[in-house]
J.: 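One structure follows; several queries about it will come next.
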Amino acid sequence: MTRTALAAVHDGSGDRLDVRTIRVADPGPGEVLVRMGASGVCGSDRHVLDGEWQLPSPTVMGHEGAGVVEAVGAGVQDVAVGDHVVLSWCYPCRRCRACAQGKAWACTGTRSGECLLPDGTTRLTDEDGTTLYPYLAAGTMSEYSVVPESAAVRIPKEVPFDVASLIGCSIATGVGAVVNNARVPSGSSSVVIGCGGVGLAVVMGLALAGADPIIAVDTSDAKLASARSFGATHTVRADSDVAAQVVEITGGGADFAFEVIGRPQTIEQVPGLLATAGTGVLVGLPAEGEKASIDVLELAESGKTLIGSNYGGAVPSVDFPKLAQLYLAGRLPLDALISDRIALAEVNDAFDAMRAGERTRSVIVFD
Ligand code: APR
Ligand code: ZN
């Protein structure tokens with residue numbers, strides 16, 4: 001049986017999504033049909049729309065979603081019909097070396113980057129039969145999606161879908177960068193450059209970890225005010241002398257600095273914000289092929305470390321339930337990250353607002 005779904009499709013060029021009716025086939029063996037409850041609008045979707053990353057197309061966009069299991073294919077054991085699930089945009093194969101080592105984020109067997117299910121196909125087509133590719137094999141900007149069971153992680157039903165969707169990308173990425181990648185000890189001084197949905201999740205993670213001070217940097221005063229509400233102790237405008245202020249506030253440089261935009265210019269700022277032996281964490285993802293220039297002698301002599309952070313080093317089946325539990329325990333104010341709840345038809349306006357730096361997080365809510 002196939003069913004129809006309203007979905008936001010990128011036809012391969014241009015920065016607009018077309019919201020149209022698509023067809024969604026039944027889940028195959030080891031696959032799960034999810035009726036989407038909510039999908040976040042993330043900076044990583046924008047990279048695709050703005051032509052910075054190349055993908056198979058037409059693409060059903062969205063990779064930050066949560067919903068209800070509506071049907072399961074043969075052999076599915078981890079979830080059952082009716083379960084509430086957060087989707088992972090990197091489905092682990094559970095067989096490769098990285099998976100065996102507990103590094104699901106680094107899975108080499110996944111085909112999520114190709115927007116394909118493990119068997120090399122998808123369950124999505126246009127009404128004329130053309131294959132559609134779910135972004136990162138998640139395709140959450142659609143009323144229905146079919147994902148491998150390892151991409152659908154059960155969470156408690158008390159977590160609302162809008163909040164749950166964010167756990168699947170911005171929260172796992174931002175909080176994970178702090179607790180999994182950087183492993184920030186309490187009392188560490190810290191800086192966050194870029195306070196969008198992911199950067200504010202880094203601020204939340206730093207507050208959870210007990211970092212102090214937590215210095216937020218952004219071009220937008222509204223984002224800086226949000227950062228304060230999530231635990232930033234100081235705010236610095238990006239158009240001022242950021243390094244001088246960070247050195248002043250921290251008394252010599254920060255123990256940890258997070259870049260959460262993905263711009264070469266702000267990545268190049270990172271070493272200059274760090275104390276001797278400090279750690280810079282690169283969370284923001286630039287356009288394909290971008291390079292940044294670093295003063296290597298200064299970096300080496302002062303014993304600084306630069307680390308990459310992808311998906312917050314998350315193991316979805318471990319980290320998503322943990323993040324959901326922290327939310328339910330009142331330790332992560334995830335509701336406050338959602339600035340706008342929108343209908344799927346308003347998705348292009350949400351990307352325009354993101355480009356203008358106007359919103360913390362828009363979340364598409366499905367009926
Ligand atoms: N200096 C400081 N802040 C800036 C600058 C700058 N030069 N330019 C932009 N910003 C701020 C914006 O004002 C905004 O608050 O960076 C933030 C970017 O946030 P979003 O556009 O909401 O993007 P987000 O979803 O948070 O993703 C950020 O992380 O995972 C990656 O792919 C993702 O590269 C993207 C990044
Ligand atoms: Zn994302």
Side-chain angles (χ1 to χ4, degrees), residues 39-50 52-53 61-66 86-90 105 112 135-136 138-141 165-177 181 191-205 215-227 230 232 235-243 245-246 257-270 273 281-288 290 292 308-314 316 337-340 350-364:
S39 170
V41 178
C42 178
S44 295
D45 296 293
R46 185 202 54 74
H47 288 296
V48 177
L49 271 58
D50 291 349
E52 297 175 6
W53 299 348
M61 292 306 302
H63 62 282
E64 181 177 77
V86 173
L87 300 189
S88 166
W89 54 252
C90 175
W105 62 271
S112 57
Y135 184 38
L136 299 176
T140 58
M141 293 181 181
S165 70
L166 301 183
I167 291 175
C169 183
S170 48
I171 301 304
T173 301
V175 176
N181 298 124
V191 189
V192 182
I193 314 175
C195 299
V198 182
L200 290 171
V202 173
V203 172
M204 269 189 236
I215 306 167
V217 183
D218 204 290
T219 45
S220 146
D221 288 330
K223 295 294 174 70
L224 292 175
S226 298
F230 290 115
T235 56
V236 172
R237 280 196 55 98
D239 55 8
S240 66
D241 187 343
V242 176
Q245 292 189 68
V246 168
F258 296 79
E259 200 279 355
V260 204
I261 310 166
R263 287 167 51 100
Q265 295 87 336
T266 41
I267 291 168
E268 288 169 355
Q269 279 188 327
V270 168
L273 306 181
V281 188
L282 307 185
V283 181
L285 303 173
E288 286 172 14
E290 291 273 26
S309 171
N310 187 12
Y311 214 165
L337 194 61
I338 302 171
S339 54
D340 298 81
F351 281 111
D352 286 340
M354 174 187 284
R355 290 183 189 96
E358 284 167 2
R359 298 182 183 175
T360 52
R361 204 54 150 197
S362 306
V363 175
I364 298 161

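Throughout, numbering of the chain's residues begins at 1 and tracks the sequence. For ligands, and for the atoms within them, numbers begin at 1 and follow the listed sequence.
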J.: Using a distance-only test with no angle check, is there a side-chain donor-acceptor pair under 3.5 angstrom linking R359 and S362?
T.: yes
J.: If you look at each N/O of ligand 1, which protein N/O atoms lie under 3.5 Å away, and at what distance?
T.:
{"residue": "ligand 1", "atom": "13 (O)", "partner": "D218", "partner atom": "OD1", "Å": "2.6"}
{"residue": "ligand 1", "atom": "13 (O)", "partner": "T219", "partner atom": "OG1", "Å": "3.4"}
{"residue": "ligand 1", "atom": "15 (O)", "partner": "G196", "partner atom": "N", "Å": "3.3"}
{"residue": "ligand 1", "atom": "15 (O)", "partner": "D218", "partner atom": "OD2", "Å": "2.7"}
{"residue": "ligand 1", "atom": "15 (O)", "partner": "K223", "partner atom": "NZ", "Å": "3.0"}
{"residue": "ligand 1", "atom": "25 (O)", "partner": "G43", "partner atom": "N", "Å": "3.0"}
{"residue": "ligand 1", "atom": "25 (O)", "partner": "R361", "partner atom": "NH1", "Å": "2.7"}
{"residue": "ligand 1", "atom": "26 (O)", "partner": "G197", "partner atom": "N", "Å": "3.1"}
{"residue": "ligand 1", "atom": "26 (O)", "partner": "V198", "partner atom": "N", "Å": "2.9"}
{"residue": "ligand 1", "atom": "32 (O)", "partner": "S44", "partner atom": "OG", "Å": "2.6"}
{"residue": "ligand 1", "atom": "32 (O)", "partner": "H47", "partner atom": "NE2", "Å": "3.1"}
{"residue": "ligand 1", "atom": "34 (O)", "partner": "H47", "partner atom": "NE2", "Å": "2.9"}
{"residue": "ligand 1", "atom": "34 (O)", "partner": "I261", "partner atom": "O", "Å": "3.1"}
{"residue": "ligand 1", "atom": "34 (O)", "partner": "L285", "partner atom": "N", "Å": "3.0"}
{"residue": "ligand 1", "atom": "34 (O)", "partner": "L285", "partner atom": "O", "Å": "3.3"}

J.: Applying side-chain contact (heavy atoms from CB on, under 4.5 Å) between I171 and each of L200, L166, V198, report the one that passes.
T.: L166
J.: Holding to side-chain contact (heavy atoms from CB on, under 4.5 Å), I want the full list of residues that pass it with E288, two or more places apart in sequence or in another chain.
T.: W53, Q54
J.: Are Y135 and W89 an aromatic pair by the rule of ring centers under 6.0 Å?
T.: no
J.: For the Zn ion (ligand 2), which protein N/O/S atoms fall under 2.8 Å? Skip waters.
T.: C42 SG, H63 NE2, C169 SG
J.: Taking E52 first and then R46, would you say they form a salt bridge - that is, a charged N and a carboxylate O separated by under 4.0 Å?
T.: yes
J.: Let me see the working for I338 and T360 under side chain to side chain contact (heavy atoms under 4.5 Å, CB included), right down to the final yes or no.
T.: CA-CA 7 Å; I338 302 171; T360 52; over 6 Å; no
J.: Using a strict cut-off of less than 4.0 Å between a Lys/Arg side-chain nitrogen and an Asp/Glu carboxylate oxygen, indicate whether K223 and E358 qualify as a salt bridge.
T.: no
J.: D218: which residues meet the side-chain hydrogen bond (donor to acceptor under 3.5 Å, both in side chains) condition with it, sequence neighbours left out?
T.: none
J.: Do E64 and T140 have a side chain donor and acceptor closer than 3.5 Å?
T.: no
